[in-house]
Amino acid sequence: MAATSSSDDSTRRILAAVRAIPRGQVAGYGEVARLAGLPGRARLAARVLAANEDPALPWHRVLRADGRIAFPEGSPGWREQCRRLSAEGVRVENGRVRRARGPADLDAAIWGPDSA
DNA sequence: GCGCTGACGCGAT
DNA sequence: CATCGCGCCAGCG
């Protein structure tokens, strides 16, 4: 039988987690890794996205924990992601994702503009 | 076999 | 709010 490589399996789960992100919403690399069952593997999630070739994958919904785009500002990827996010209704300012509402939502959901 | 780098995260300053 | 440093894992020279 095919020896299932853990690496491939992890990659698969991470991709699934990214695809699970609803349109108009965003998640962090660590968050995605966590949902994939791989807590602490944020870097792995980033690597998976970097190697990903699926055009249907909403990779642009994945940001850093700070809410900033992971790509260097001005980079093609940075620009693409910024553009896609704004196209989905996500407020992006200066490479920084602007979630709606004030600090009240902070405890309810770190990521989620209107989970209420 | 070893060391560096990287689409990261978080605490501390 | 910005910056620095350390930790973690995986691919590459």
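The figures here come from the full heavy-atom set of this structure, side chains too, leaving out hydrogens, waters and symmetry mates. First the proteins, then the strands, lettered A, B, ... as listed; each starts at 1. Just so it is clear, the structure is predicted and the values come from calculations on it, not from any experiment.
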State yes or no: do A:Trp59 and A:Leu35 share one hydrophobic cluster built from I, L, V, M, F, W and Y residues joined by side-chain heavy-atom distances below 4.5 Å, directly or via other members?
no
Look at all strands and tell whether A:Trp78 reaches a base, only sugar-phosphate, or nothing, counting heavy atoms closer than 4.0 Å.
nothing
Using modelled atom types only, decide if a donor and an acceptor are shared between the side chain of A:Glu31 and the backbone of A:Val26 within a distance under 3.5 Å.
no
Rounded to whole angstrom units, what separation is found between the CD atom of A:Glu93 and the P atom of C:dC1?
12 Å
Under 4.0 angstrom, heavy atoms only, what part of the nucleic acid is A:Arg34 near: base, sugar-phosphate, or nothing?
nothing
Any N/O pairs under 3.5 Å between the protein and nucleotides 10-13 of chain C? List them or say none.
from	atom 1	to	atom 2	distance (Å)
C:dG11	O4'	A:Arg47	NE	3.3
C:dG11	O4'	A:Arg47	NH2	3.3

Is any side-chain N of the basic residue among A:Arg84 and A:Glu80 closer than 4.0 Å to the acidic one's carboxylate O?
yes
Should A:Asp54 and A:Arg19 count as side-chain neighbours, where that means a heavy-atom distance under 4.5 Å?
yes
Taking every non-hydrogen atom, the tightest pair across A:Pro58 and A:Val18
CG-O, 3.4 Å
Give the dot-bracket line for DNA chain C from 5' end to 3' end: parentheses for intra-strand Watson-Crick or G-U pairs under 3.5 Å, square brackets for crossings, | for inter-strand pairing, dots for unpaired.
.||||||.|||||
Please say which of A:Leu57, A:Thr11, A:Val32 ends up in a side-chain contact (heavy atoms from CB on, under 4.5 Å) with A:Leu49.
A:Leu57
Under 4.0 Å: is that the gap between some side-chain N or O of A:Arg61 and OP1 or OP2 of B:dA7?
no
Reading 5' to 3' through nucleotides 8-13 of chain B, protein heavy-atom contacts under 4.0 Å coded B for base, S for sugar-phosphate only, - for none
BSS---
Shortest non-hydrogen contact from A:Ala33 toward A:Ala42
CB-N, 4.0 Å
Both A:Gly40 and A:Arg96 contact DNA chain C. Which one's nearest nucleotide lies toward the 5' end?
A:Arg96
Does A:Pro39 offer a backbone N or O that forms a donor-acceptor pair with the side chain of A:Arg41 under 3.5 Å?
yes
Looking at every heavy atom in both A:Ala70 and A:Tyr29, which two are closest together, and how far apart are they?
CB-OH, 3.3 Å
Quick check for you: to the nearest 0.5 Å, what is the distance between A:Leu38 atom CG and A:Leu44 atom CG?
6.5 Å
In sequence, state the C-alpha distance, the side-chain angles, and the governing distance for A:Gln81 and A:Val92, and then conclude on side-chain contact (heavy atoms from CB on, under 4.5 Å).
CA-CA 10 Å; A:Gln81 187 166 14; A:Val92 184; over 6 Å; no
